[in-house]
Structures are given as structure tokens and as C-alpha cells.
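Structure, as C-alpha cells:
Just follow the structure's listing: the first ligand is 1, and inside any ligand the first atom is 1.
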Amino acid sequence: MIKSIKGTRDILPDEVGAWHRVEQAAHQLFSRYGYREIRTPIFEETQLFARGIGADTDIVAKEMYTFPDRDEEKTSLTLRPEATAGIVRAVIEHNLYQTDPALKVYALGPMFRRERPQKGRYRQFHQVDVEAFGMERPSIDVEIIQLALDYLRACGLTESQLILNSVGDAKCRPAYVETLRSALRAHKDRLCADCQRRTETNPLRVLDCKVPEDQAIIESLPKISDHLCAECRDHFAEVRRELGLLEIPYELSHRLVRGLDYYTRTTFEVTSAALGAQNSVLGGGRYDGLVRDLGGPDLSGIGFALGMERLVMLIPPGPQESRCDAFLAVLVPRAFDRALLIQHDLREAGVRVLVDHEARGLKSQMKKADKLGARYVAIMGEDELADDVWTVRDMTTSTQERVSDVKLAEYIEEKMRGRDAG
Ligand code: HAM
């Protein structure tokens, strides 16, 4: 038997209701904040991610699904591991910043990372991604954080923590990274193998290390908050003041450096203890140099992405929806033409209709209608066919009435309207 690929999962019809709810909530809420949807391709040129996310990140170094295209030039393609780089490419390619007076976009869709699969971590997963361009003031940082929290609330998530940091900018971070590297070199022999390597390649990533033996050393390292330049310090202070104004609680963490290299200044994550080891529901931050680094103008950017699998795991399950309003039970083959005609009338009237195409016996059809949650079953047997009527059974009251064939659509529609209103 051929099975699904490790790290991928099917979203089955019984689960899809929750996905629809979080997707609907995104469309509704984001438009109130002025965001419009953008859809970019699932694969891009590999160098977009290598340059955008950073060659020394785990994502680019070991997690990308990369393959040569079947062309003469041997273009290297990669399944997108995240949405930001592709969106930035689209913004530059279509000059969106020249025509859109408020460049705010969001995207939903699958991402691919070859990580070790575990609960909440998949190789194909889905993100809700939000990005705003050309806005430098701290108030957009705060607005985007507020949007993220509003979204979680709209989806029914009540327990979560906001974690906040500033990672400086191109002016102050390089000096901090050097300070950090020197401090790390002093402890080099006592660090885990990964951190020894990161000390040279990407010292900031050491702050993300979870190895218990390394923690005491990491806590003693110089903190970025003590090494921000005046502009970054002021920017961060204003972000924090405005979060206070809006009464948004947060926790500061100087170790929140995130796994992608493009961040500048504000970084944030929302975590939930209910998720276990993979506790990050969403993460994001500012990336003021990325548009320029990818060949565009000097345009600031900020955004976040949320893991949809993780969100769906956290929210309360919705009610199990009934599958149909009316079920047509045809008991004699000659009545089937009536069913074919009337089912279309009913559907045009907005009624959800199912018919048993196999036209089994009444008992088996009633059982099926019950399982499908039908509110009404319209039965046509020999007698009904002779009189041109349907016997309509109300499944909740167990009462039944005879309704003429021409009136059936109107009858059911009216009953449903009365019930919805009541
Ligand atoms: P990220 O932190 O790599 O950021 O991913 C964001 C979210 O995607 C995570 O918080 C998590 O919920 C989910 N996620 C990541 N990897 C997996 C996985 N293997 N399985 C399941 N869920 C996963 C970014 O992707 C940035 N592009 C966010 C951003 C947008 N920053 C600025 N704009």
C-alpha cells in the first residue's frame, strides 16, 4: 500500500471545518486592518531563499526541498519553506510599493521544511502570513502584534503568551555579534557541538540553544538590549510604550533571535504551553533590509506567520455539522426521475440535498438520512408516485405530511426558514 510521505498529513473531511473557520477568520479580520490577499507560487528559484533567509540558517542549510528544473540552464528550484521571501519578490517584481498607498498583504498556504517530524512539526505545513511594507514607525509593529493577538482570539484561542525582543539593525547588530562571538569563544570547549559551530557561523543562533548543559553559559552572555544603538533603543521603547497603552501584556526575552536572518529591530513570538515542545504558534518581526537585499528599493517591512496545524490543534472543536437539510428516498425506480428534477430545484433554492443513488430499501435509506443529519426525508414510493406527492418526514419531531411534488421545494424552504427564525 502506498502511504503518505513522512511529515505530511491528510486533512480529512471531518477535520476541514476547523480549517475553514480559521481561514474565514483570517479573511474577515485582516480586511478590517486593511490587508489584501496575495498568492505567490509554491516554488521559487533557490537563490531567493538562500539570499532572503540566510545561508547559515537551519532552513537554508539543511531543510529545503531543492531540485534542478528540467531545463538547459539547470535552474535550481525550491519548495517555499516560508512565505516572506516570495512575497517580497512579488512586491519588487510588480512595483507594488509604487501603486499601493498602504502596502499590506496576507497569504495562506502550504510551506515545506525537511525537519524531524514530531507533534506540531511537519514537513508540509500551512501558514497564515501577514506582511506590511514601507512603514517605519513603531505603531505598525504594535498594530501587527495586535492583529496577531486579535486573530488568535477570533479563532477561539484563549491561552497564549507574547514574547518580545529587539535584535538591533545593520548599524548596531554587527558589533554585538562580534562581542557575542568573543564571549562564546571564551567558553567554546564547554558548549555543545552545534553551538561551537554556531559561534563561528551565526553566534546569535546560540541564544536559541535548548541543550541543558549550555544554559548557564548562555545566560551569562552579553545581552543585545545593552548593545542597541540609540535609534533602535528609541524604536523599541516606543513599541513597548504603545503596547502598554493598548494594555497588551508581553514578556521580554533577549534570547528571542528567531530562525531566519532577515530580522531587524522588533521580533516577537506567541507561544502556547498546550503545544508541548513545539510551542510557537506564530512568530515574526521587522525586516528593514530585506527588500533592498533582494534587489528592491530601501523599503522597510514587518510581518508574522502562524502555523495553521498548531492553531487548529489548540482551538475548541466546532459543532459536528449536519451534512444535509433534505434527503430524498426513492423507493421505486420509476420515481427516480422526480428525484432528479426536484433535487435541482431544491439546491437552487439553497437547500442542501442528498439522494441515495443506489435506491436501497426504505429502512437503509432512513438510516443513512439519520447518519447524515438530514432534517427532512422526502419519500416517494408506489402510492406517492401515483398521487404525485412526497411523504415528508420531519426527523426531529417524527411527524410526516404529504406534499405535492410541485410544492416540495417551497415547502422545505419555508419550513427551514421558520426553523432558523425560531
Ligand atoms: P517561522 O518562525 O519560521 O517564521 O514560522 C512561523 C510559524 O510557522 C511557527 O511559529 C510555527 O507555528 C509554524 N511552523 C514553522 N515550521 C513548522 C513546521 N515544520 N511544522 C508546523 N508548523 C511550523 C517564518 O516563517 C517567517 N516567515 C515569519 C515572518 C513573516 N516574519 C516576518 N514576516
Side-chain angles (χ1 to χ4, degrees), residues 5-9 11 22 30 35 38 40 44 48-49 52-54 57-60 62-65 79-91 103-133 135 140-141 144-145 147-148 151-152 155 157 160-163 165 167 205 208 256-272 274-291 294 300-315:
I5 307 285
K6 190 175 164 195
T8 67
R9 54 190 292 279
I11 299 164
V22 301
F30 298 169
Y35 289 82
I38 185 168
T40 64
E44 301 266 3
L48 172 69
F49 303 115
I53 300 169
T57 58
D58 283 353
I59 295 179
V60 174
K62 48 187 189 196
E63 294 170 359
M64 296 205 303
Y65 284 97
L79 301 184
R80 63 181 185 195
E82 58 110 50
T84 313
I87 292 175
V88 169
R89 180 205 43 73
V91 163
L103 187 46
K104 292 170 143 190
V105 293
Y106 72 94
L108 310 175
M111 309 293 154
F112 306 84
R113 296 183 194 176
R114 203 173 186 291
E115 296 191 81
R116 196 167 50 78
Q118 63 179 87
K119 182 174 168 238
R121 188 161 74 190
Y122 306 98
R123 291 180 169 178
Q124 172 171 340
F125 60 98
H126 297 77
Q127 284 186 342
V128 170
D129 185 278
V130 175
E131 314 286 354
F133 295 93
M135 295 165 224
I140 186 68
D141 305 39
I144 257 191
I145 290 171
L147 165 65
Y151 178 59
L152 295 178
C155 291
L157 182 68
S160 66
Q161 289 77 43
L162 169 64
I163 302 166
N165 190 22
V167 294
R205 300 292 305 146
D208 222 17
L256 182 69
V257 288
R258 314 261 311 120
L260 306 94
D261 278 355
Y262 48 60
Y263 291 108
T264 55
R265 295 191 170 171
T266 314
T267 55
F268 59 93
E269 252 175 53
V270 174
T271 60
S272 168
L275 280 173
Q278 299 303 315
N279 67 353
S280 163
V281 188
L282 65 86
R286 190 170 263 288
Y287 48 87
D288 289 345
L290 183 61
V291 181
L294 291 176
S300 58
I302 180 167
F304 71 86
L306 164 140
M308 295 176 78
E309 281 78 5
R310 296 185 191 178
L311 178 61
V312 166
M313 273 163 67
L314 288 170
I315 60 178

Between [X] (side chain) and [Y] (backbone), is there a donor-acceptor pair under 3.5 Å?
{"X": "Thr266", "Y": "Gly285", "value": "no"}
{"X": "Thr267", "Y": "Leu256", "value": "yes"}
{"X": "Thr264", "Y": "Asp288", "value": "yes"}

Enumerate the protein residues lying less than 4.0 Å from ligand 1, judged by heavy-atom distances, in chain and residue-number order.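 Shell around ligand 1 (4.0 Å, heavy atoms): Glu82, Thr84, Arg113, Glu115, Gly120, Arg121, Tyr122, Phe125, Gln127, Asp129, Glu131, Arg258, Leu260, Tyr262, Tyr263, Ser280, Val281, Leu282, Gly283, Gly284, Gly285, Tyr287, Gly303, Phe304, Ala305, Gly307, Arg310.
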Qualifying side-chain hydrogen bond (donor to acceptor under 3.5 Å, both in side chains) pairs, either residue in residues 81-90, two or more places apart: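 Found Glu44-Arg89, Glu82-Thr84, Glu82-Tyr262, Thr84-Glu131, Thr84-Tyr262, Arg89-Glu93.
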Side-chain donor-acceptor pairs under 3.5 Å in residues 107-118, sequence neighbours left out?
from: Arg113; atom 1: NE; to: Pro81; atom 2: O; distance (Å): 2.8
from: Arg113; atom 1: NH2; to: Pro81; atom 2: O; distance (Å): 3.1
from: Gln118; atom 1: OE1; to: Arg121; atom 2: NH2; distance (Å): 2.9

Please list, chain by chain and in numerical order, all residues satisfying ring-ring contact (aromatic ring centres under 6.0 Å, His included) with Phe268, sequence neighbours excluded.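 Listed in chain order: nothing, the list is empty.
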